[in-house]
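Okay, structure first, notes after.
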Amino acid sequence: MEKKQNKGMSSQKKRKNISREEEKDLKIAAIQKNIHKESGKKKGRLLNAAIKVLAVISSVAIIIALGINMPIIAYRTVSGNNEVTVDKISYLDTVKRAQPAILQEGKLEKPAPEDKEKLDLKPDIDPETINDGLNLNQIVEGQYTLLFMGMDESGRLADVNWIFQFDLFAGTMNVLQIPRDCFMPDYANSSTGKFNSVYASGQEEGVTPLQRAVNCIEENFCVVIDCYVKLNCEDIKHIVDEVGGIPITLPEKIVYEADKVLPAGEQVLTGQQAEWFIRFRREYDEGDIGRVKAQRIFLAAAMEKLLSMGNTELMSSMEEIYDNEWLATDLSLAEMSMLADFASKRLTMDSVNIYMVPGEGAMWRGQSVYSIHKGETIDIINGHFRPYQNEIYPEESAITELVPEGQYLSSLYNGNKENLDDISNGDTEDGKQNIFSRND
């Protein structure tokens with residue numbers, strides 16, 4: 001008993017011997033221990049919360065990835081005979097394959113790329129072994145050919161007809177202008193004989209209007225068409241305004257109507273003004289040929305504008321144009337993007353040449369028409385529009401000459417060629433009015 005009491009007294013003495021400073025240090029240490037303990041708990045709670053957030057984000061990302069790749073969207077496609085079918089595809093595929101304007105005109109009939117006999121490919125061209133680097137649904141590897149048709153105000157007559165051919169290996173583009181009055185009696189409306197009537201009232205039956213025009217071009221000019229863009233007259237202004245106008249230099253004043261005047265010189269054409277310029281023809285002594293030649297100035301200016309736009313800006317404008325159905329085309333947005341990328345990286349103004357179908361004016365059944373010079377036309381086709389196909393002979397073309405070779409009255413438009421860089425620099429006679437009556 002005495003031992004226990006002595007032991008207790010000893011402990012009290014020890015506690016009494018602890019200084020106040022030491023007691024203070026012990027309390028501080030205890031507080032710090034509690035703080036560290038609470039901090040650890042807080043970090044643990046934050047870590048758990050972060051893990052939960054990451055798990056949620058990962059789950060959402062997986063769901064989105066599955067969603068855009070799962071075949072859950074009904075997508076309309078057009079077959080070769082223009083029957084509409086509905087497939088289930090992913091959202092990602094809809095963006096890549098989107099052809100929002102194809103239902104207006106349908107899909108073109110095309111020969112198979114491996115059909116060498118029909119395509120008449122050069123011996124060294126094998127579509128299975130060569131690759132031009134672009135994933136385009138093209139007929140001939142290495143080239144891509146687009147038909148552009150601009151319609152008049154009725155929507156029935158094709159007043160602007162250009163063939164754009166991209167040479168993907170060479171990094172160039174050639175353009176063939178087909179005058180609207182070209183004499184094509186076996187294809188056109190029998191009352192006019194003019195190419196511009198083929199679309200709406202041509203003689204071939206059982207095909208779409210657009211396919212009828214394409215068949216006419218392929219059989220007469222022996223150029224295979226990969227795709228098309230058709231533009232109605234009233235939609236020109238919408239497209240030009242969408243891209244912010246077209247900077248251009250006009251060689252002479254244009255008086256479209258008394259209150260619709262374009263001054264000569266540098267300016268930026270609005271959509272409405274662009275329509276005036278493209279359609280103007282009254283003061284050209286050459287009539288429609290004068291307008292065809294003046295339109296090259298607009299093409300050069302438009303090309304400069306498009307090449308100056310970034311791909312993002314250009315594709316944004318294209319989506320707006322597609323959404324509003326301001327044009328009809330069988331090109332997908334992905335294909336448009338590929339062509340835009342090719343143009344911005346490979347094309348320059350001096351690598352784009354424009355040719356016009358050679359010929360001369362003539363009369364047929366009281367109609368003023370344009371009689372094609374067949375031999376000269378075949379030379380242009382062989383030299384510039386069949387880079388990976390064998391040359392053709394005149395008898396392989398369906399061109400009908402109203403004025404036969406040897407009786408030509410004019411060779412003014414034979415060998416007609418312009419370069420976009422020259423046009424852009426003003427080194428051209430295009431757009432000049434009253435050329436036959438000027439005194440200069």
Side-chain angles (χ1 to χ4, degrees), residues 100-101 104-105 146 148-162 164 175 177 179-180 196 199-200 228-284 286-310 313-329 336 340 354 420 423-424 426 428 430-434:
Q104 294 183 38
E105 293 292 340
L146 181 152
F148 174 84
M149 297 182 69
M151 312 303 291
D152 74 345
E153 59 271 18
S154 72
R156 294 178 56 81
L157 299 176
D159 276 357
V160 181
N161 305 281
W162 294 338
F164 293 83
V175 183
Q177 293 180 295
R180 68 171 192 170
N196 70 341
Y199 171 83
Y228 65 84
V229 171
K230 184 179 79 72
L231 177 63
N232 288 323
C233 176
E234 64 271 16
D235 292 326
I236 295 172
K237 55 180 177 289
H238 300 308
I239 294 175
V240 171
D241 286 338
E242 172 58 34
V243 299
I246 302 295
I248 196 170
T249 301
L250 300 185
E252 296 189 29
K253 181 171 71 173
I254 297 289
V255 183
Y256 185 72
E257 291 178 4
D259 59 341
K260 299 175 181 178
V261 179
L262 302 176
E266 295 183 8
Q267 57 204 282
V268 177
L269 295 183
T270 65
Q272 186 65 76
Q273 291 171 331
E275 183 183 350
W276 300 345
F277 177 67
I278 291 170
R279 298 183 65 188
F280 177 76
R281 61 172 288 181
R282 184 175 58 253
E283 298 298 325
Y284 298 133
E286 299 170 290
D288 189 62
I289 297 300
R291 176 167 61 177
V292 168
K293 292 164 69 176
Q295 287 167 351
R296 298 171 180 172
I297 300 174
F298 182 82
L299 176 60
M303 181 69 74
E304 277 197 301
K305 171 70 177 186
L306 295 179
L307 291 178
S308 70
M309 298 172 67
E313 182 185 5
L314 181 57
M315 289 311 299
S316 175
S317 292
M318 283 308 306
E319 289 180 18
E320 185 70 18
I321 292 167
Y322 275 26
D323 289 344
N324 286 281
E325 297 185 355
W326 290 332
L327 51 73
T329 181
M336 287 296 294
I354 307 176
L420 280 196
I423 296 172
S424 181
T428 177
D430 295 343
K432 297 294 179 66
Q433 303 169 29
N434 306 312

In short, Ala274 meets Phe298 closest at the heavy-atom pair CB-CE1, 3.8 Å
Q. Is Arg296 close to Thr428 at the side-chain level, that is, under 4.5 Å between some pair of heavy atoms?
A. no
* **Asn324 and Asp235: CA distance, side-chain angles, deciding distance, side chain to side chain contact (heavy atoms under 4.5 Å, CB included) verdict** => CA-CA 10 Å; Asn324 286 281; Asp235 292 326; over 6 Å; no
When rounded to the nearest 0.5 Å, the distance separating CD1 of Ile423 from CD1 of Ile354 is 4.0 Å
To the nearest 0.5 Å, atom CG of Leu269 lies from atom CD1 of Ile248 at 5.0 Å
Heavy atoms of Trp162 and Val175 approach each other most closely as CB-CG1, 4.2 Å
Which of Glu325, Glu319, Met318 passes side chain to side chain contact (heavy atoms under 4.5 Å, CB included) with Tyr322? It is Met318
For this session: Answer whether the closest heavy-atom distance between the side chains of Arg291 and Asp159 falls below 4.5 Å.
Result: yes
Check for a donor-acceptor pair, side chain of Glu313 on one end and backbone N or O of Ser308 on the other, with a separation under 3.5 Å. no
query: Quick one: does Leu262's side chain get under 4.5 Å of Phe280's, heavy atoms only?
result: no
| Do Val240 and Lys237 come within less than 4.5 Å of each other through their side chains, counting heavy atoms only? | no
For Lys305 and Gly245 the tightest heavy-atom approach is CE-O, 3.4 Å
Paired with Val255, the side chain to side chain contact (heavy atoms under 4.5 Å, CB included) test is passed by just one of Arg282, Glu283, Lys260, namely Arg282
Is it the case that the side chains of Tyr199 and Glu105 hold a donor-acceptor pair, with the cut-off being a distance below 3.5 Å and no angle test?
yes
Looking only at heavy atoms, the pair that brings Ser424 and Glu304 closest together is OG-OE1, 3.0 Å
Rounded to the nearest 0.5 Å, the CZ atom of Arg281 sits from the CD1 atom of Ile289 at a distance of 9.5 Å
Practice task
Test Tyr256 against Arg279 for side chain to side chain contact (heavy atoms under 4.5 Å, CB included), laying out the working first.
Solution key: CA-CA 8 Å; Tyr256 185 72; Arg279 298 183 65 188; 3.8 Å; yes
Between Gly155 and Asn232, the two heavy atoms sitting closest are CA-OD1, 4.3 Å
Between the CD1 atom in Ile297 and the CG atom in Leu250, the distance rounded to the nearest 0.5 Å is 7.0 Å
Without swapping roles, check the side chain of Glu242 against the backbone of Glu320 for a donor-acceptor pair under 3.5 Å.
no
CD of Glu266: more than 12 outside heavy atoms within 6.0 angstrom?
no
Hey, is the main chain of Gly265 close enough, under 3.5 Å, to the side chain of Thr249 for a donor-acceptor pair? no
Here the pair of heavy atoms bringing Pro247 nearest to Ala301 is O-CB, 3.3 Å
ask   = Is the backbone of Gly271 close enough, under 3.5 Å, to the side chain of Asp241 for a donor and an acceptor to pair up by distance?
value = yes
So Ile254 and Gln433, do their side chains get closer than 4.5 Å, heavy atoms only? yes
- Query: Are any non-hydrogen side-chain atoms of Tyr284 and Asn434 less than 4.5 angstrom apart?
  - Reply: no
d(Ile236 CD1, Gln273 CD) to nearest 0.5 Å is 13.5 Å
Rounded to the nearest 0.5 angstrom, the CZ-CD distance for Phe164 and Gln177 is 8.5 Å
